[in-house]
Every structure is written in C-alpha cells, then in structure tokens.
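Working notes, structure below.
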Amino acid sequence: ETGVTQSPTHLIKTRGQQVTLRCSSQSGHNTVSWYQQALGQGPQFIFQYYREEENGRGNFPPRFSGLQFPNYSSELNVNALELDDSALYLCASTLKNSKLDYTFGSGTRLTVV
Amino acid sequence: AQKVTQAQTEISVVEKEDVTLDCVYETRDTTYYLFWYKQPPSGELVFLIRRNSFDEQNEISGRYSWNFQKSTSSFNFTITASQVVDSAVYFCALSEESGYSTLTFGKGTMLLVSP
C-alpha cells in the first residue's frame, strides 16, 4: 500500500485562471472522490469517479471537472477560478464494493488571489 | 437529505482532562455508517472509527471511546486523559447505504489540549 498522494501541496492562482490538481490513489482502489474544504468548514463532496467515468456529483458548478486514468491516478480541474475557490482540496480513494474504507491524501491548498 | 451537526466549534482543555465531542446526524436511510476523522495541521484526514446503523454497541479503543445512540441520532466521541498530541480538528461524518459512497461531514470541532 502506498497511500494517496496529492500534488502540488500548495498553489497560488489568480482569479479567472484555470488549475489542475493531481491525485495518485492507493493501489487497487478503483474509486476516487474529491472534496473541497473551505477554511473552518468540513469537507464537501465535489464528485466521484469510478472506472474513469463520473459516478456522482455534489453541488458544484460545471467548471469543476475531473478525470480518472487507468493507473488510478486522477485530476481535478477548475476553470475560471473565483476567490471562493480558495480551499484545501482533498482526494479520497476506495474500492467500489467497499463504501467504507476511504483513504485520504494530505490535500492541495489552493489560494486564489 | 443527510446532515451532520457538530455544535462545538472549539474546545480547550488541560492535559489529562477528559473531553467529549458531540455529533448529531440526520438521515432518512435505515442503513448508514458513521465515522470520526482526525485532521492534524498537516491536513490529511486520519480515520478513527466507523460504525454501522445496526450496531449500537459502544466502543473503546485505548483512550478513545464512542457512544452511538440511534434514539437521539448522536454519535459522541470521548477522549480520556487527553494529551497534547490529541490537539487537532475532529470531524464526524455520515455515509448512507443508498447512492454514492460519499461522506457528509460536520463542520468539525477544534480540540486544543494545553500542557
């Protein structure tokens, strides 16, 4: 087991720009979820990918999009960044048949200025 | 819709005190799972415990214990003889059996343990 790795750890972007955050899932985990955690809040579900397709989505606009690759790595893309997008973005992987064993990465801290 | 409420925003205790973190949840599902996670300053969410809705037995793991009461929709977490290393933000979360395997988190409780 190698755990979940996220990159970069910190990022500063300007309003209106686009950003790509990356996640390397735990070996064998075929489902990845992304969460947004604003300062002082709990993580909020953005979307989930299973077998390279979006499998569920939270209350986030279409400018939040993702990709999952055959090697279980994934990306979160955010277009037209807004100041309120500043947050810690967490990636969590699990096995599809096991809704219970989530492994979280340490997150990417995104600051939009 | 599912919801998790952690009414305590921040708790400060002195080392060796006992502390209880409250969690109240809402769900329409009869089958669901409750979790507690610890988030140290480094940011990752560290899994502490998972309970399913059919298992109301309280659990103890070292200095940690959990009290699950369906009648009050609560899943409280107690740390006995707190230590400075327990300082972190603690999140309660809910996952319903139906739908996607996603977690609904509370807003978290920041625990500060001073020497």
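All chains are named by letter (A, B, ...) in the order of the sequence lines, taking the proteins before the strands, and each is independently numbered beginning at 1.
- The hydrophobic cluster containing A:Leu67 also includes A:Phe69, under a criterion of side-chain heavy atoms closer than 4.5 Å among ILVMFWY residues, counted directly or through chains of members.
- No donor-acceptor pair closer than 3.5 Å links the side chain of B:Glu26 to the backbone N or O of B:Ser73.
- At a 4.5 Å heavy-atom cutoff, the contact between B:Gln39 and chain A is made by side-chain atoms alone.
- With 3.5 Å as the limit, one finds a donor-acceptor pair spanning the side chains of B:Tyr25 and B:Tyr32.
- Heavy atoms of B:Phe91 lying under 4.5 Å from chain A belong exclusively to its side chain.
- In this structure, B:Phe75 and B:Trp36 have tilted ring planes: the angle between them lies in the 30° to 60° band.
- Of the two parts of A:Gln6, neither the backbone nor the side chain holds a non-hydrogen atom closer than 4.5 Å to a non-hydrogen atom of chain B.
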